Each structure stands twice: as structure tokens, then as C-alpha cells.
Novice: 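I have a structure here, written as C-alpha cells, and I will follow up with some questions on it.
Only this structure's heavy atoms are used, side chains among them; waters, hydrogens and symmetry mates stay out. Not measured: the values here are computed from a predicted model.
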Amino acid sequence: MNINISKEDEKTTVYLAGSIDIPGAESLKKSLSQILEDESIKEVIIDFEGVNFIGSSGIGKLLLFYKNFTSKGGKVKIVNLNKEITALFKAIKLEKLFNI
């Protein structure tokens, strides 16, 4: 799993590639934790263009980040989901939570 982070003023984009399995979820958690610590960031865009799989542990890390970041007034948006991941997010009602 590869994670690249691009910060521009108050907006940060997280580019993900690969599988968000258990080890990938831990990497994701570390990267998102660093974003949480940066008080200047107000909006996070998570780009799933290179992601071909996300497991329950990855979804859990996303939900935890969403809860903690939005409680500080931040906005989270997820972009470039493939068909399978979009269907998964809709099946578990995540499209109502995340701005997709």
C-alpha cells in the first residue's frame, strides 16, 4: 500500500494506492493520525484512485479518522472510488457519512 500526502494551505489530499488490508490499514492510520495533529488542516480529500481493495480494518480506520476530524470542525471527502468499493460503501451506508 502506498500513501502520498499533498498539503495546500488548509486542504490536504491523501493519495492511496494498493490494497487496504490489515497492514495497509495500519499505514493509513499512521498517516491520518499525523493529519489529525495538524491544527491548520480544515479539509481532507482521500483519493482512492489506486485502491483495488479495502477490508473491514481499513473501513474502521477511515471511520475513526472521520469521527475525530469532523469533531474538530473539519470536512472529509472521498474521491475516485472504483465500482466495487462504491458498491461496498453504499451497502454499508458510508456514502451518507462521507462526501463521495
Novice: With sequence neighbours left out, what residues match N4 under side-chain hydrogen bond (donor to acceptor under 3.5 Å, both in side chains)?
Specialist: none
Novice: Give me the atom names and distance for the closest heavy-atom approach of L62 to F98.
Specialist: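 Looking at all heavy atoms of both residues, the shortest contact is O-CZ, 3.8 Å.
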Novice: Minimum heavy-atom separation for F69 and E43, please, with both atom names.
Specialist: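 F69 and E43 have their closest heavy atoms at CZ-N, 4.1 Å.
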Novice: Which residue pairs satisfy the salt bridge (Lys or Arg N to Asp or Glu O under 4.0 Å) criterion with at least one member in residues 57-79, sequence neighbours excluded?
Specialist: E26-K61, E39-K72
Novice: The criterion is side chain to side chain contact (heavy atoms under 4.5 Å, CB included); which residues satisfy it with L97, sequence neighbours excluded?
Specialist: L63, Y66, L94
Novice: Per the side chain to side chain donor-acceptor pair (under 3.5 Å) rule, what does the pair list look like for residues 78-94, sequence neighbours excluded?
Specialist: D47-N80
Novice: Suppose the criterion is side chain to side chain donor-acceptor pair (under 3.5 Å): which pairs have a residue in residues 27-38, not counting sequence neighbours?
Specialist: K7-D38, D38-S40
Novice: Got a second to check how far I41's CD1 is from E10's CD, nearest 0.5 Å?
Specialist: 10.0 Å
Novice: Which of these, I100, V79, L16, sits in a side chain to side chain contact (heavy atoms under 4.5 Å, CB included) with I46?
Specialist: L16
Novice: Grouping I, L, V, M, F, W and Y whenever their side-chain heavy atoms are under 4.5 Å apart, do I45 and V51 come out in a common cluster?
Specialist: no
Novice: Does a sphere of radius 6.0 Å around CD1 in I5 hold more than 12 heavy atoms from other residues, nucleotides or ligands, not counting ones at 6.0 Å or beyond?
Specialist: yes
Novice: For A25 and S57, which heavy atoms make the closest approach, and how far apart are they?
Specialist: CB-OG, 3.6 Å
Novice: If I take atom CD1 from residue I92 and atom CG from residue L88, how far apart are they, to the nearest 0.5 angstrom?
Specialist: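 I92 CD1 to L88 CG: 4.5 Å, rounded to 0.5 Å.
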Novice: Could you measure the distance from the CD1 atom of I85 to the CD1 atom of I78? Nearest 0.5 Å is fine.
Specialist: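 That separation rounds to 10.0 Å.
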Novice: OH of Y15 to CG of N2: how many Å apart, nearest 0.5 Å?
Specialist: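 Between Y15 OH and N2 CG, I get 14.5 Å after rounding to 0.5 Å.
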Novice: Roughly how far apart are L28 CG and M1 CE, rounded to 0.5 Å?
Specialist: 5.0 Å
Novice: How many angstroms lie between atom CD1 of I3 and atom CG of L32, to the nearest 0.5 angstrom?
Specialist: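 The CG atom of L32 is 7.0 Å from CD1 of I3, to the nearest 0.5 Å.
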Novice: State which residues pass side-chain hydrogen bond (donor to acceptor under 3.5 Å, both in side chains) with N52; sequence neighbours excluded, sorted by chain then number.
Specialist: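 side-chain hydrogen bond (donor to acceptor under 3.5 Å, both in side chains) list for N52, sorted by chain: S19.
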Novice: Take atom CD in E49; do more than 12 heavy atoms of anything else shown fall under 6.0 Å from it?
Specialist: no
